[in-house]
Structure formats: structure tokens, C-alpha cells
2 protein chains.
Amino acid sequence: MTAPDPTHRAPREPEELDSRKAAILEAIVTEYIGTAQPVGSSHVAQASGVSVSSATIRSEMVALERDGYLVQPHTSAGRIPTDKGYRFFVDHLSTPGALGPAQRQKVSSFFTQAQGGIEDMLERTSSLLSDLTSYAAVVVGPSHEQATVRSVQVVGLSAVRATVVVVLSDGAVESRTIEIAETVGSDDLHAATSALDGAWTGTALHDLDAVPPTGDPEVDAVCARAAEAIAGAGRSSDHEPVFVGGPSRLAGSFDAIETVRGVLSILEQELVVVSLLRDVLESGLSVAIGSEHGFEPLASCAVVVAPVHLEGQQAGAVGLLGPTRMNYPAAMAAAEVVGRHLSRHLGEDHFDPEGTSDAS
Amino acid sequence: MTAPDPTHRAPREPEELDSRKAAILEAIVTEYIGTAQPVGSSHVAQASGVSVSSATIRSEMVALERDGYLVQPHTSAGRIPTDKGYRFFVDHLSTPGALGPAQRQKVSSFFTQAQGGIEDMLERTSSLLSDLTSYAAVVVGPSHEQATVRSVQVVGLSAVRATVVVVLSDGAVESRTIEIAETVGSDDLHAATSALDGAWTGTALHDLDAVPPTGDPEVDAVCARAAEAIAGAGRSSDHEPVFVGGPSRLAGSFDAIETVRGVLSILEQELVVVSLLRDVLESGLSVAIGSEHGFEPLASCAVVVAPVHLEGQQAGAVGLLGPTRMNYPAAMAAAEVVGRHLSRHLGEDHFDPEGTSDAS
DNA sequence: GCTGGCACTCGGTAGACTCGACTGCCAGAG
DNA sequence: CTCTGGCAGTCGAGTCTACCGAGTGCCAGC
């Protein structure tokens, strides 16, 4: 009631834990991650790493709880790590973590055998990552923000339909099917192709308003249709390429069905997911625990992120979403390895002259 | 134990229920769909449609149970419809069902404002359908099985990379990025474009083995690379375009988290989903209840399907996945309407001269 | 400063009990 | 023959109690 203790200890910044407290915290986090049960002092005493009696551990635990690393669900229960406790664990305690040989094998065979379009590739990567870790995975691909038009082509499909294909400088392709008048011939389409190609090449998708003036009204009509259709593409292509793998794993990660529902519906909103990963990466972290990412509906989740680089630039991210009591070392290792492989793969366009080298 | 009754009644095929039994069954199904609680005889007596005492209803209920339309979870509980009971309900009892004005409005504004590529379109349609019904939705688009190549183009991206773009006769576009030698010039790419275009136009994606012979080794190298990359596309394009909308709704449909998990992981397997919908449609049904689809992991689910037609051919399907106690009239109406709109939209390529006509 | 011991606190489980919602059956009325 | 009201019986769900065990906080002693 009248304990002055907890108040006057705010301005301690570096917040070092002495090695025994750290060992105790580590033991608690490790066990809790494994069992999901509050950890009592005697369990910690039996765990390797500390060789003091449970009574001593108890007194350390009250200190850890006072400092915000642990909480008690109720009196006469063991302790559970707080977000802060997990944070200390990942920052100072957890050993780097590595993939098992089987997982390693999975990853490298996945990337050596990988083929197909980039979208498929990212999609399958998200499944891979989810398989590796048993958590839900998210893969965000490089955005087409600053890509410019490289080539435009109008291809007739039938007498009244044609497809406009736009190739972007990053290799992405946007296409739209348009209606055309029956009087439009293949030479008109060729004319439209070269007109559009000339007008658009070099500009970004979202600002190609200039419609090229041509003599032929047939051609102009086709160009107008094409411009209209592709302008829509420019507008809607803000939506990043994001893929979620293994959402069903979430049902295994949480036991409250409400939580599962909430998290799933978050994952359905691509924009939210993308900005979440981006925020975490921008703050220089690789993992955001519980409320750290400031996103209330995911307060019971932890997010592990690894960047994807493309030509030196950061061009996307891979992430894992699990409960705060997730296996951080394993998750971080998996995300990191997959992110690195994916970076290399995207950069080389699945051309891997070195074989499957695995630099650490 | 020694009751001879249930045995000698197998060969009754048309299985007509007299009108009172039907009314009772209808009342039970309706109430159970609403409350998810076993329905007792007195509830049925109060429900409109039958005006007999609960005792009479009880005796009718034992008959319905004997015939397999109802089950009792345990003695002294109310009755729950079986799959057979739901089947009778949807076949003979449920009124057609219609969308509310707000939903109708949603659908038509969605399809009039719709734009973008076909993939995006299908994806968003699945979200729409899920929104309308609060069930998980599945949309399967037209497959590219028998589409043939209409045009091939090789576009240089940088000194060492190029994109091969293949336009198919149905308007779909496949593209792959390939590596090219630095010595390849833009004229070589043009040569490769025309060689590939000439060789492939008119053939299906999955059997374009013939590599066109050219004099120039540079061009041939590009063609070989392109062929290799696109052959992969042909192989992997068996995977149908399938989109799942609102998977988080599943968490609201079932209360056992294990069920949610199982169903979600089914939905992750696109092939399974596609063949499920196809099977249901092929058997001429629009709804498969519980074990009717013979797919064990979804025994607690009902599937409502509506076809998508394109130029008179069936070219896909929209579906809803919910608990067996789902609101069949509403779900069937929603699927049917969305399927019809989608058919029209795909056929017309979002060119709707009539406005939003809504023929029934 | 660490340790063993001790009293105390709760959550979870098991058993007994009650309550209520059903059913099945039966005798009697229409 | 059919329907109805009544009655006894069944069983799940909720409540209450007691108990056990895990775990804590505190304290005296080494």
C-alpha cells in the first residue's frame, strides 16, 4: 500500500540486469515458451544455469516483477514474462539460433528449384517460411512505386477485344483487356502500340496522363481506351505485393478463438500488414513484441521481420507472426535465412552460378 | 433392442414427408440455424406453421429421428437436424431467398465500379461475397487450359536482363524475367521476339517445345532461355486462379478451434478447393452439406456453389463455406447473384451498356 | 547474502446437489 | 384412429463445497 519503492526508480535507462537475474529471466522465458504455463521458483531452481535455492530465486523474482520483466497472473501462481521480459531475452540472452539440417535442406532445395513468376515465387516463399517455423508468415515483395514503363503493346484477341500489356522497368507486367470497335484492324493496333509505346516509355505508371495525338480516329479511340484501363492499373498498383502463408497456423498459436479471428482479419488487410512490417524494419528492429509495434489488435502477437534487399536497396520484407511466447531464436533465424536467400534469388533471377552457398 | 421397425424401411426412395412433418422439420432447422441450440418440442409448438400440441410434435419428432432427419445430442435434449435434414430443407422447404436492398446495392456498385486486372477482380469478388454473407468465400476463375499463345515479346530491362511476355488468347498474360548476355543488343531482342512469336503463336502454353532455329547464336541463346522460362510457366499454370475471401469469418462460424484450424488449412490447398467446387457443380448441385461432398475434413461444413459462365461455357465458380447450420437461402442467393454478375462482367470486360440491369 | 522452513493464498478439480429443459409413454377425449 | 394433457424419468449445466497442490512471501539462522 504505502511502499515508496516502485516510484523512485524511473530514470534508470540502461537497465542492466545482474547476471543471476538474467539467468533466471532466461530460464523463465525458455520454459514458458515451451510449456505456456506460469513458471514457479522451484522449476527455475532445477533448470540449469543457476544453482541457488528456490527461496533466493523467489526474491530475485519479486525484483524482476517490480522492474517489469515478469508478471504473476494471480497470487500463488508462477510468473510469466512481460513484453519487456521477452525484449530483454531477445536482445541479450537468446543465442543466435540456427536452422536444423532438415530445414536448411528445405530452404536450399526450395531456392535452387524455384522458378516461375515473381508473384508465384513470393507466394510460395511465404508457405516455405510458414512451414519452417509453424507460424504464419508474411512476404512483401518489391513495390512498383518508382518503376517506369519500358514497353507497351496492344494485342488483338478477337474482333472486339484486345489486351494492353505494359512492361515495367523492374520486370513487372501490367495488362488490361479492353473492348475495341470491330472496324479496328491489326495495323491500327500496331499503330496504337507504337503511339502508346512512344508516349509512355520512361514514365511511371501513376502519371501517364498524356494521351498521344494521332491522325487516325480509330487508333486514337484504342489509345484512349488503353489509357483509361492502364490508368486504373496505375491507381490500384499502390497495393503492394503481399502474401500471407499458413494462416491456419494461427489457430495453433492461440487458444482463444477470438484472438485468432482478430489476427486473421488483420492479415486480410494488406495495407496494414505492409505498413506494420515497414514500421518495424524502419525502427531498426528485427522483432516487435506485443505492444511494441503500437498496434492494438496485435497486442498478443510478436512479429519477426527480416529485410529483403535488391541491388543494395531494401525492397521488401519477410515476416513471421506468432504469439509473444514464440520461439524467437528459431523464428529469427528462419526469417533471416529466407530473407537472404530471397534477396539473392530476386537479384539474380534464379540464376545461381555458385551453387547453394550459404554465407553467414 | 429387438425393434423390427427401423430395418424394413430402406427401399423408400422419393421419401416424401407429410406436410406436418415437413413443417416441423422446417421449424426446427430454422430455429437451429438461428440459435445453434437443440430445439425442443415446445419451441416448435410455439413457432408458427404448426398448431398442434407439443406432445404431438414429440411423436412426430421421434418419427423424423427414426428416418434420419434429426438427431438428439443426448437424452433430454432437443433435436438437431442431420445433413439429411438440412438437405430436405434446402430442397423442399426453404424459400428462394433474396438479398436485402443494401446488399443488392453493394453488389451492383461493386460491379459497376470494378476495374483492374482479372486476378485483382476475382480477389476482390471473393471479399465481396464474404462481406455479403459473413462466411468464407471462394472464387475460382477461368483456367488457361485451352488458351493459346497470341503474342510473344521480349523486352530488355537492363544490359543483362530481359522480360519475356506471352499474351494468351483469353487475355491472360504470362511473363518471366531472364538473364541475357551483355553482348545482346536490342535488334537481337527484336529478332528473338519475332522468332518466338512466329514459332509459338497458336499453340497452347503447355506444349511449345519447338525451339525456332535461327542463324544468329545470340538470338538463339535468348530464345532458348525464353523457352526454358516460359515452359516452366506452362507447367505451373495448371494451378487454377483461386481466391479465398474472408477466411477470418471461419473463426466466427465454428467454436471449436480445432475445426477452424482444419478448415483453414484445407483452404490453403488450392487444388483441393478447386476440385471440391468442381465436384459439387458437376453433380448438378448448388449446395453440398456435411459429408455429402465426401470430403472428410470438411464434414462439419456446408458448401454453397454457383457457376460462372463465360461465352456459354462454364468457366469457374463462386462458393461459400460455412457451418452446416448456415443460412442456406441467404448464402445461395448471394452466391447466385454474385456468380451471375461476375459472369456478365467477365464476358463484357467491364463494359456495361445497359447500366446495372438485374434480371432474375 | 543465502538457505530452509512455514504459513498463507488461490486456482483447478472432484463430488454432491439442484434446476430446468427435454423426452417417452399413457390414458382419455374427440 | 388421432390428438392432447399429464406425469415420470433422464441428463446436462450450473452452483456450492471441500480439498489438493503449486507457489509465494517472510523470517530466523547459518
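Note that the structure is a prediction, hence the values are computed from the model and not measured. Naming convention: chains lettered A, B, ... in sequence-line order (proteins, then strands); numbering from 1 in each chain.
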- Positions of residues 52-59 of chain B (non-hydrogen atom under 4.0 Å from DNA chain D), listed by number: Val52(B), Ser53(B), Ala55(B), Thr56(B), Arg58(B)

- Give, for atom OG of Ser59(B) and atom CD1 of Ile24(B), the distance between the pair rounded to the nearest 0.5 Å. 7.5 Å

- Task: Measure the CD-CG distance between Glu65(B) and Leu70(B) for me, rounded to the nearest 0.5 Å.
- Result: 7.0 Å

- Task: Salt-bridge test for Asp91(B) and Lys84(B): reply yes if a basic N is under 4.0 Å from a carboxylate O, no otherwise.
- Result: no

Please tell me if the side chains of [X] and [Y] come closer than 4.5 Å, counting only heavy atoms from C-beta onward.
X: Ser130(B); Y: Tyr135(B); value: no
X: Lys21(A); Y: Leu25(A); value: no
X: Phe295(B); Y: Ile266(B); value: yes
X: Glu268(B); Y: Val244(B); value: no
X: Pro81(B); Y: Val29(B); value: yes

- Item | Smallest separation among heavy atoms of Ser54(A) and Ser41(A), with atom names | O-CB, 3.7 Å

- Message: Below 4.0 Å from chain B heavy atoms, what is the first contacting nucleotide of DNA chain C and what is the last?
- Response: dA21(C) to dC25(C)

- Query: Using the C1' atoms of five pairs at each end, what's the angle between the two axes of the helix from dG1(C)-dC30(D) to dG30(C)-dC1(D), to 10 degrees?
  - Reply: 20°

- Item | Whether Tyr32(B) and Tyr86(B) hold their rings parallel, tilted or perpendicular, with breakpoints at 30° and 60° | tilted

- Query: Of all residues at least two apart in sequence or in a different chain, which pass the salt bridge (Lys or Arg N to Asp or Glu O under 4.0 Å) check with Glu31(B)?
  - Reply: none

- Query: Between which nucleotides of DNA chain D, read 5' to 3', does contact with chain B run, using atoms under 4.0 Å from its heavy atoms?
  - Reply: dC3(D) to dG12(D)

- Query: If you pin His74(B) and Glu60(B) to their nearest nucleotides in DNA chain D, which one's is more 5'?
  - Reply: Glu60(B)

Considering only distance and modelled atom types, tabulate donor-acceptor pairs under 3.5 Å from the side chains of residues 326-339 of chain B, sequence neighbours left out.
from: Asn327(B); atom 1: OD1; to: Ala330(B); atom 2: N; distance (Å): 3.3
from: Tyr328(B); atom 1: OH; to: Thr324(B); atom 2: O; distance (Å): 2.5
from: Glu336(B); atom 1: OE1; to: Arg340(B); atom 2: NH1; distance (Å): 3.1

